[in-house]
Amino acid sequence: MNINILAIESSCDDTSASIIQNGQILSNCVANQEAHKLYGGVVPEVASRAHQANIIPVVDMAIKKAGIDKKDLSAVAFTRGPGLMGSLIVGVSFAKAFAMSLKIPMVEVNHMMAHVLAHFAEAPKPTFPFLCLTVSGGHTQIVMVKDYLEMEVLGNTIDDAAGEAFDKTGKLLGLDYPAGPLVDKYAKLGQPIFPFTEPKVDGLDFSFSGLKTSILYFLKKQIKTNPNFIQENLNDICASVQTRIVSILMNKLKKAVKQTGITEVAIAGGVSANSGLRNAIVVTGKELGWNTYIPRFEYCTDNAAMIAVTGHYKYLKGEFVGQDVVPMARMKL
Ligand code: KG4
Ligand code: ZN
């Protein structure tokens, strides 16, 4: 009999549903929320209401696209955390009601574990153990992945996440939210001529708040003498910011490889869509003899396919949760 799992992702501002059959992704539908552009960041209450409006059409679409029938579903997997409480509640409540009505089990999924397991949505798949740099709007981690469901966090950000560094500096430059993809776009047209210093942080941990402050002071100083400094130098500023963020990430990743001796190296999360980072990991990998893995774009940013893959492996182990499950905004990996 087929194992068909419906997966729901609603941790931040994307509502997504996916169907996985025996470990193969059949559909992955995402409804993005444009409203946050107006506010320059995700507004939790707005996100939560949009999830409520989007979740039923997105789930319907995922089931339809997969070409299966609701009654053939074996389980519902859902993101329990980490994320915004109001957003998580919508997905968790939906999963509970759906599972109850179909009398099928539920599987809880950690969003950060799912970003890592996005690598198993399709080939080429890394072999265990591998290192994964997970870089998103909320997290920056180096994870040692020993098996599908066995992961150890080796390094973490001590302040802002890499995605936040992109979004917050982009905001200083007057770019729309999320600014990461726009900084990436302009960086391609410029040169990294402005030096922003690399923070000194122990071990495999990261820090990005100092970079944001140094960019703020740099811009303030330049604007004093030239009010049009940002407009005239946007591409070069973006290239400089991106180059520094990428070098901070790559230096720690190189250190992690040296420390562990593991040369299977992957990147995951929204920031792994960044062209500078994608390029850096390929070039460094070739130079240092690593096998590198970069997910397809749709599996980098938030998506339910990654929840489906994780749900599949947890289903095989019989790791189910009951109707008393509640979301966990600060769920740890
Ligand atoms: O993983 P994700 O979709 O959501 C979270 O779990 O946070 O990551 C979103 C983050 C945002 O900060 C966004 O600006 C960043 O990923 N991002 C990028 C790019 N595409 C998305 N950052 C830099 N360059 C990109 N091309
Ligand atoms: Zn994410």
Side-chain angles (χ1 to χ4, degrees), residues 7-16 18 28 30-33 36-37 40-42 44 47 51 79-84 87-88 91 109-119 121 132-141 143 157 160-173 175-190 206 208 211-212 238-250 266-281 294-307 309-310 329-331 333:
I8 311 282
E9 156 61 29
S10 73
S11 65
C12 189
D13 59 340
D14 295 315
T15 322
S16 182
S18 168
N28 179 40
V30 186
N32 303 113
Q33 301 179 6
H36 305 287
K37 278 202 173 109
V42 175
H51 282 305
T79 304
R80 185 177 181 191
L84 299 171
S87 293
L88 291 166
V109 171
N110 181 307
H111 182 86
M112 299 313 294
M113 177 177 273
H115 268 303
V116 174
L117 294 182
H119 284 281
C132 188
L133 172 70
T134 314
V135 270
S136 72
H139 293 83
T140 304
Q141 296 183 327
V143 182
T157 180
D160 290 348
E164 249 177 312
F166 273 107
D167 294 338
K168 287 181 177 172
T169 44
K171 199 172 177 179
L172 296 176
L173 299 171
L175 303 177
D176 272 350
Y177 176 85
L182 295 170
V183 172
D184 191 0
K185 179 177 146 190
Y186 296 123
K188 282 183 194 146
L189 308 170
F206 301 91
F208 290 99
L211 176 67
K212 184 188 61 199
C238 287
S240 307
V241 168
Q242 180 165 305
T243 300
R244 178 49 75 213
I245 294 175
V246 169
S247 84
I248 293 172
L249 295 171
M250 288 306 299
I267 51 172
V271 179
S272 59
N274 182 267
S275 63
L277 182 60
R278 290 169 95 91
N279 188 42
I281 193 168
I294 310 174
R296 190 146 51 93
F297 186 79
E298 71 167 298
Y299 298 139
C300 288
T301 48
D302 285 350
N303 67 88
M306 67 188 197
I307 308 301
V309 173
T310 314
R330 294 181 178 275
M331 196 174 184
L333 184 62

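Order of appearance sets the numbers: ligands from 1, and atoms from 1 within every ligand.
Atom CG of N274 sits about 8.0 Å away from atom CD1 of I245, to the nearest 0.5 Å. Rounded to the nearest 0.5 Å, atoms CD1 (I248) and CG (L211) are 5.0 Å apart.
Using a non-hydrogen distance threshold of 4.0 Å, H139 does not register as a contact of ligand 1. Within the 4.0 Å heavy-atom shell around ligand 1 one finds H111. Ligand 1 lies out of reach of C12, whose nearest heavy atom is not under 4.0 Å from it.
Numbered from 1 in the order shown, with element, the atoms of ligand 1 that lie under 4.0 Å from a heavy atom of G163 read 12 (O). For ligand 1 and G138, the ligand atoms under 4.0 Å from any heavy atom of the residue are 7 (O). The H115 neighbourhood of ligand 1 comprises atoms 1 (O), 6 (O), with distances under 4.0 Å to a heavy atom of that residue. Under a 4.0 Å criterion applied to the non-hydrogen atoms of S136, ligand 1 contributes the atoms 1 (O), 5 (C), 6 (O), 7 (O), 8 (O). Here is the list of ligand 1 atoms found below 4.0 Å of a heavy atom in A273: 20 (N), 26 (N). If you number the atoms of ligand 1 from 1 as listed, the ones under 4.0 Å from a heavy atom of P178 come out as 14 (O).
Listed by chain and residue number, nothing satisfies the side chain to side chain donor-acceptor pair (under 3.5 Å) test with S18 (two or more places apart in sequence, or in another chain).
Looking at D13, its side chain never comes within 3.5 Å of a backbone N or O of V42 through a donor-acceptor pair. Side chain of S16 to backbone of A304: a donor-acceptor contact under 3.5 angstrom is found. Judged purely by atom type and a 3.5 angstrom limit, D184 uses its side chain to pair as donor or acceptor with the backbone of S275. For the pair T140 (side chain) and A162 (backbone), a donor-acceptor distance under 3.5 Å is present. For the pair D167 (side chain) and G180 (backbone), a donor-acceptor distance under 3.5 Å is present. Remark: the backbone N or O of T15 is not paired with any side-chain donor or acceptor of S10 at under 3.5 angstrom. Although no hydrogens or angles enter the test, the distance criterion places no donor-acceptor pair under 3.5 Å between the side chain of R330 and the main chain of P82. With hydrogens and angles disregarded, no donor-acceptor distance shorter than 3.5 Å links the side chain of H115 to the backbone of D302.
Closest to atom 21 (C) of ligand 1, if we only count protein heavy atoms, is G270 O, 3.3 Å. V271 CG2, 4.0 Å is the protein heavy atom nearest to atom 15 (C) of ligand 1.
Checking S272, G276, G180, G137 against atom 7 (O) of ligand 1, the nearest heavy atom belongs to G137. One option in D184, N303, D14 has a heavy atom closer to atom 26 (N) of ligand 1 than any other, and that option is D184. Among N32, D167, D302, the residue whose heavy atom lies nearest to atom 11 (C) of ligand 1 is D167. Counting heavy atoms only, N274 comes closest to atom 25 (C) of ligand 1 of the residues N274, I245, T301.
The two atoms that bring A114 and I307 nearest to each other are CB-CD1, 3.6 Å, heavy atoms only.
Inside a sphere of radius 2.8 Å centred on the Zn ion (ligand 2), the protein N/O/S atoms present are H111 NE2, H115 NE2, D302 OD1.
At a threshold of 4.5 Å between non-hydrogen side-chain atoms, the residues Q242 and L277 do not count as touching.
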